[in-house]
Each structure stands twice: as C-alpha cells, then as structure tokens.
Amino acid sequence: MALLPTVKQLLAMEPEGQDVTVRGWVRTKRETKQSVFIEINDGSCLSNIQAVVDALLVKEEAVKNTLLRVSTGASVEVHGALVPSPAKGQKAEVSVRTIELIGEAPADRYPLQKKAHSLEFLRELAHLRVRTNTFGAVARVRNAMAFAIHRFFQERGFYYVHTPIITTSDAEGAGAMFQVTTLDLEALAKSGGPVEYDKDFFGKKAYLTVSGQLNVETYCQALSRVYTFGPTFRAENSNTTRHLAEFWMIEPEVAFAGLADNIALATEFIQFLVSTALTDCAEDIAFFDQRIQPGLRESLEKVAQTPFTHMTYTDAIRELETSHAEFEFKPYWGCDLQSEHEKFITEKVVRGPVVVTDYPKEIKAFYMKQNSDGKTVAAMDVLVPRFGEIIGGSEREWRLELLEKRIEELGLAKEAYGWYLDLRRFGSTPHSGFGLGFERLLMFVTGMSNIRDVIPYPRAARQAEF
RNA sequence: UCCCCUGUAGCUCAGCUGGCAGAGCAAGUGGCUGUUAACCACUGGGUCCGGUGUUCGAACCACCGCGGGGGAGCCA
C-alpha cells in the first residue's frame, strides 16, 4: 500500500501549489462569506492543516450539503493544492478542489466540542480523548519514549528479555498480586468445598507478575547486560495520582556492576530519554510547556544537562532533621522517606533530580546487597521534583550465605527461592539493576499530573472500563 | 484502606439565611469578516447524582448509598 503523506509531512513541504490529499478528523470549521476554513488533524503531529473551501465552490449544491455535515469530529478526505497561506497563523494551507465526508459526527451527539475539556471529563471518554491535543501529544511522546528506551539499551549492548507475565512465584516481593485462575469461582462458592489448586490450570496457585526482576537476573547471569520492558501488575488498593494496577516497567540488569555503575547507568538513561523528548517531540513538549506545566521545557533542559545530585540516605535524613521545616512525619534515621520528605529534598534542597543511596536494610527488599556497616544496603532511588520516586534499584546480594540469612531473618519461605539462589550457587557475580516506572517517566516528561492520563486505558481499583 | 473536597444544562461553574433554575462556553438559526480559542444577535436545552427524612415549602438541612477529584500509606 502506498501511504499518502501525513499532515506532519505536508506541513514540512514547501507549498508550491502541488496536488495533495488530506485524510483526517475535523477539529474546527469556521465559515465566512468568502470561504470556509476547516482544520484537519490526522494525529501525525499536534498541528492541524487548514483546508480552505472557496465561496464559489461552497455555492455548489453538493459541496454545500457536504459542508453542512462537516462538523467537529467528522472524518473527511480533501483534495486540493498545497499553497502558501495569505493569512497569518500558518505557512501553508490546502486550497480545496474536492471534499468528501467519510464519517459524520453529529454535533448533538459527539461528546467532544471545539473547546477545552477537563482531564477528569476526558477520563470518562478514554476511547475518544486521544482525539484531543493533550492526549494526542501524550500518545506521541509515549511512543517516542518507548522507542528511545530500546534504542538506549540496544546501542549499549543490552539484550531485551521477555520475562513471564504469569508466575507461580508469590515471592517476587514487590506488592500484592492478582491471582490467575480458570477455576469456576461461582461453582466453588456454591459447593462450599476447599479450593483444589492442583486442579487449577497450572496445577498450583498462579499470579500476574509484580516484577520481572528475579527472572531477568537469571538472564543477566548469562547475557551480562539485559533489560525487560513490559506490563506489570499490582493489586494494591491504592488510589493516588502516581499508582496504577497495570503499568509498564523497564528493568535493566548488569552483571559485574556495582552501585556506582548502577547510578551512572540510571542517570545516563534518564538524561538520554529527556534529551530525546526535547529533540524528537519538540512540538508536543512546547504544547505541554504552554498548556499543562509552565516551565516544563526549561526544567527538562536543565535535567538533561546537569549532573544528578547524589546523597546517602543518612545525609538525606540529616538534611531533613536540620531543616527546621514542618513535617507531618518527623524524620529520623531508620524511617522510610515519606512523600513530603522526598518532595522537600528534590524541590527545596536539591531543586532537581537526586539519587539517594544506602538505605537501612529494614526498609528495603531482601535481595539488596548488604553493606559492610551491617546496617545499610546498596540501594539507589532516583527522586524527581513533583512526585518523588521514579527509579528504585540496587546492587544485588550475590553472596549465597548472606542472601539465605536475610531470607531467613525476614521469615520468607526459602524453598520458594530455589532457582533464584542457584544463581548464587553457580558462577555468581556481583550485579546491579533498577526498575523505572514507564508512566512515571511520562508524567515527568510531559508534566501531566495524573498517571491515569499517560496510559491509554488506565486500570486501577474499581476502574477497568474500555 | 484512611482523611478531606465535590456532584446543578453537552462542558466549566454560580445559586446568599430553605421561598419562581442561572451565567459563560458548546450546539442551532441569522448576520459579518482570509478566518484561526473568530466575532455580533437571537433560539433551544434541566431526573439540581439516587433514596429516605425534616419542613407549609428542599438544589440548599439530616441520614444512607453511588460517582468524581485531591491527599496519606504501599511502591514504580
């Protein structure tokens, strides 16, 4: 199939009266005595292309009847000449010779109007909201970032690993899990009998994954540099602007890498993605800067250029303790950093992204490498202004005895970690990795403030429409 | 799961101390102008989230339920 030039491509051309065809959806129609102006958008870029129907043409009965039904949301195909625009506002426009209505969108029923709508209202129209400037821009940036993530890793010798979505391990240690079953729950409830998991599809309890990390570590111990990028599921009943029940996560894992390597990789990664967004999505970022988050572009440029501040957890606690700021939760060594603490450090102390390392082992996961002080682990969180944690990672505990001891201390079922412990039994190596929440990255890059607005169809507690 | 706010026209909201249901935008019609968040005039448009109660009288007060938003915790 020969593809026609998109609106984006048409707008990049020099207008010399050449024949063009535009297919897309009508954003607005403005009528004057002389002409009818139709703004057409095909999603290829933020900008619309203006199609102008001259008065002589408008007088033709067939054209007049068509134009009556050309309303906001309708799909059209126009043929005409791409000409320089005599008016301000656009360089080029299409001087229309023929216009065809492909699919109408009756104004009394089409829910999107040619006016600004609230994000809350649009959330109820997830199937149509991508037709708006904001959600079209989010979709394009999301695409660009997904592509850039692969490019970043591929250019650095990382292999993309597809870790499983379904797992029978409830030991991934990252949160509440969704159970997966083919058992007839209604029949089971009626029977009142016990649940026979040996008769379930996998012959045992199964879940949706909460993290690909443990699985990707196994590939790391053979391919050296690997990453996962896929959907992840958490059954937490959390109702916030930063959490989803289904979200996408990027998890790189590097063999023979220590915490410092991990920090360097995470920093380079974020700066690469931010730079890519600024160059490849310039028009969309300018839109977000203007309409969604004033100052966005400048702050992204700063993030792309400035080395990230690094402080240990102990330093961070000291900053908080000596700040004289009023906190709802009084900070002390050993406490987990609360949202207000993270915000204070990124927004008031550092005024930019910050890498916090070496947390108390009690507040971090079992697999993190224990430091020689006996109190902390080689953990690394990247915190950013506006919403806190965007990356969580660590050097992994690669010494069998220490890992087994930690599992016992935490009262975890050692049997469940058999294959994971094998990595430490056979050819173990130091290795490090981190998890980046894709949607949180998108919030950071676009300035959108609700995570439900950076994924096409958000899933959260009591929310799985569309 | 907890705390706070909120639900009135298609959308965003006002509606005072309980007393006739309102505005802007959108839509329709007409006018005007190479228009561009178009402009001007007119018109149509309501289960005041649902239920129960208090009252002569409820959009407004009380209780129950449902929906939406924000914050906290969990984390990415």
Side-chain angles (χ1 to χ4, degrees), chain A residues 27-39 47-55 68 71-73 83-90 93 95 105-125 132-133 172-176 210-213 231-251 266 290-291 327-329 336-343 363-365 381-384 387-393 434-444 449-455 460-463 465:
Chain A
R27 284 295 176 79
T28 76
K29 180 179 70 170
R30 292 179 293 270
E31 301 184 51
T32 76
K33 202 127 215 171
Q34 292 305 311
S35 319
V36 175
F37 300 88
I38 304 166
E39 299 261 2
S47 296
N48 308 318
I49 195 163
Q50 176 167 276
V52 186
V53 188
D54 186 79
L68 277 176
S71 57
T72 300
V83 297
S85 178
K88 276 190 269 183
Q90 58 281 315
E93 63 187 26
S95 179
D108 57 340
R109 274 167 285 158
Y110 184 63
L112 299 180
Q113 303 161 352
K114 59 168 184 176
K115 55 165 280 188
H117 286 296
S118 69
L119 298 174
E120 291 81 9
F121 173 66
L122 293 171
R123 237 167 260 155
E124 296 168 10
L125 299 169
T132 65
N133 285 336
E172 290 172 339
V210 294
S211 163
Q213 184 199 311
T232 312
F233 307 86
R234 305 266 168 98
E236 310 284 354
N237 186 13
S238 52
N239 206 320
T240 78
T241 53
R242 313 181 296 285
H243 292 84
L244 288 169
E246 177 182 294
F247 64 99
W248 287 60
M249 189 154 63
I250 300 101
E251 295 173 289
Q290 195 187 345
R291 295 291 178 89
F327 293 115
E328 193 184 338
F329 295 94
D336 210 345
L337 293 182
Q338 307 290 319
S339 290
E340 55 178 341
H341 302 154
E342 295 181 347
K343 278 202 179 117
I363 59 174
K364 287 293 180 184
D381 284 359
V382 179
L383 313 179
V384 296
F387 56 87
E389 184 175 346
I390 192 171
I391 279 181
F434 60 83
L436 169 76
F438 188 44
E439 285 75 19
R440 289 194 182 170
L441 170 83
L442 290 172
M443 290 170 77
F444 184 63
S449 54
N450 191 315
I451 200 166
R452 292 166 200 216
D453 296 333
V454 296
I455 190 167
R462 291 177 302 282
Q463 181 177 37
E465 292 300 312

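Side chains included, hydrogens not; waters and symmetry mates left out as well; all remaining heavy atoms used. Just so it is clear: chains get the letters A, B, ... in the order the sequence lines come, proteins before strands, and each one is counted from 1.
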*asked:* Distance check needed: B:rA27 P versus A:R30 CZ, whole Å only.
replied: 12 Å
*asked:* On a heavy-atom basis, which atom in A:E439 and which in A:W248 lie closest, and how many Å separate them?
replied: OE1-N, 3.0 Å
*With a 4.0 Å cut-off on heavy atoms, is A:D336 in touch with a base, just the backbone sugar-phosphate, or nothing at all?*
sugar-phosphate
*asked:* Counting only side-chain heavy atoms from C-beta out, which of B:rA72, B:rA76, B:rC25 sits nearest to A:K115?
replied: B:rC25
_Separation between the P atoms of B:rG45 and B:rA23, rounded to whole Å_ = 13 Å
*With heavy atoms under 4.0 Å as the rule, sort A:N237 into base, sugar-phosphate or nothing.*
base
_Starting the side chain at C-beta, find the nucleotide from B:rG70, B:rG73, B:rA27 nearest to A:A107._
B:rA27
_Side chain of A:Q338, heavy atoms from C-beta onward: which of B:rG68, B:rG73, B:rC75 has the nearest atom to it?_
B:rG73
*Please work out if A:E328 contacts a base, only the sugar-phosphate, or nothing of the nucleic acid, heavy-atom cut-off 4.0 Å.*
nothing
*asked:* Under 4.0 Å, heavy atoms only, any strand: does A:N239 hit a base, just the sugar-phosphate, or nothing?
replied: base
*A:N450 side-chain proximity, nearest of B:rA76, B:rA72, B:rG69*: B:rG69
*Is it true that the side chains of A:S85 and A:Q90 contain a donor and an acceptor less than 3.5 Å apart?*
yes
*asked:* Base, sugar-phosphate or nothing for A:F247? Non-hydrogen atoms, less than 4.0 Å.
replied: base
*Heavy atoms only: give me the nearest A:E389-A:E342 pair and the separation to one decimal.*
N-OE1, 3.5 Å
*Going by the side-chain contact (heavy atoms from CB on, under 4.5 Å) test, name the single residue among A:D381, A:V382, A:I250, A:L383 that passes it with A:I391.*
A:V382
*Nearest listed nucleotide, side chain of A:K114, among B:rA72, B:rC11, B:rA38*: B:rA38
*What integer distance in Å separates A:H117:NE2 from B:rC13:P?*
13 Å
*Heavy atoms of other groups near A:E465 CD, more than 12 under 6.0 Å*: no
*Of A:S449 and A:G89, whose closest RNA chain B nucleotide lies nearer the 5' terminus?*
A:G89
Write down the protein N/O and nucleotide N/O pairs, taken from nucleotides 32-34 of chain B, whose separation is under 3.5 Å; answer none if there are no such pairs.
| from | atom 1 | to | atom 2 | distance (Å) |
| --- | --- | --- | --- | --- |
| B:rC32 | OP2 | A:K33 | NZ | 2.2 |
| B:rU33 | O4 | A:E31 | O | 3.0 |
| B:rU33 | O4 | A:T32 | N | 3.3 |
| B:rU33 | O4 | A:K33 | N | 2.9 |
| B:rG34 | O6 | A:E93 | OE2 | 3.3 |
| B:rG34 | N1 | A:E93 | OE1 | 3.3 |
| B:rG34 | N1 | A:E93 | OE2 | 2.6 |
| B:rG34 | N2 | A:Q50 | NE2 | 2.9 |
| B:rG34 | N2 | A:E93 | OE1 | 2.5 |
| B:rG34 | N2 | A:E93 | OE2 | 3.4 |

*In whole angstrom, give me the gap between the P atoms of B:rG24 and B:rG31.*
23 Å
*Fill in the dot-bracket string of RNA chain B, one character per base: . for unpaired, | for a pair to another strand, ( ) or [ ] for pairs within the strand, taking Watson-Crick or G-U pairs under 3.5 Å.*
(((((((..((((.....[..)))).(((((.......))))).....(((((..]....))))))))))))....
*Would you mind reading off the distance between A:E342 atom CD and B:rG71 atom C1', rounded to a whole angstrom?*
15 Å
*N/O (side chain, A:R242) to phosphate O (OP1/OP2, B:rA72) under 4.0 Å*: yes
*Tell me what A:T240 touches on the nucleic acid: a base, only sugar-phosphate, or nothing, going by heavy atoms under 4.0 Å.*
base
Pairwise N/O distances under 3.5 Å, protein to nucleotides 40-50 of chain B:
none

*Contact nearer the 5' end of RNA chain B, comparing A:E236 with A:R291*: A:R291
*Does a side-chain heavy-atom distance below 4.5 Å link A:S95 with A:V83?*
yes
*Please round to the nearest 0.5 Å and tell me the distance separating atom CD1 of A:I455 and atom CD of A:E246.*
6.0 Å
*asked:* If I take atom CG from residue A:D453 and atom CG from residue A:L119, how far apart are they, to the nearest 0.5 angstrom?
replied: 5.0 Å
*Could you give the CZ-to-P distance, from A:R123 to B:rU12, as a whole number of Å?*
12 Å
*Rounded to whole angstrom units, what separation is found between the CZ atom of A:F387 and the C1' atom of B:rG70?*
17 Å
_Under 4.0 Å, counting only non-hydrogen atoms across every strand here, what does A:R109 touch: a base, just sugar-phosphate, or nothing?_
nothing
_Straight-line distance of A:R27 CZ to A:I38 CD1, nearest 0.5 Å_ = 14.5 Å
_What's A:L244 touching, base or sugar-phosphate or nothing? Going by heavy atoms closer than 4.0 Å._
base
*asked:* Using a 4.0 Å heavy-atom cut-off, does A:I391 contact any base of the nucleic acid, only the sugar-phosphate backbone, or nothing at all?
replied: sugar-phosphate
*Choose from B:rC75, B:rA72, B:rA27 the nucleotide whose nearest atom is closest to any side-chain atom of A:H243.*
B:rC75
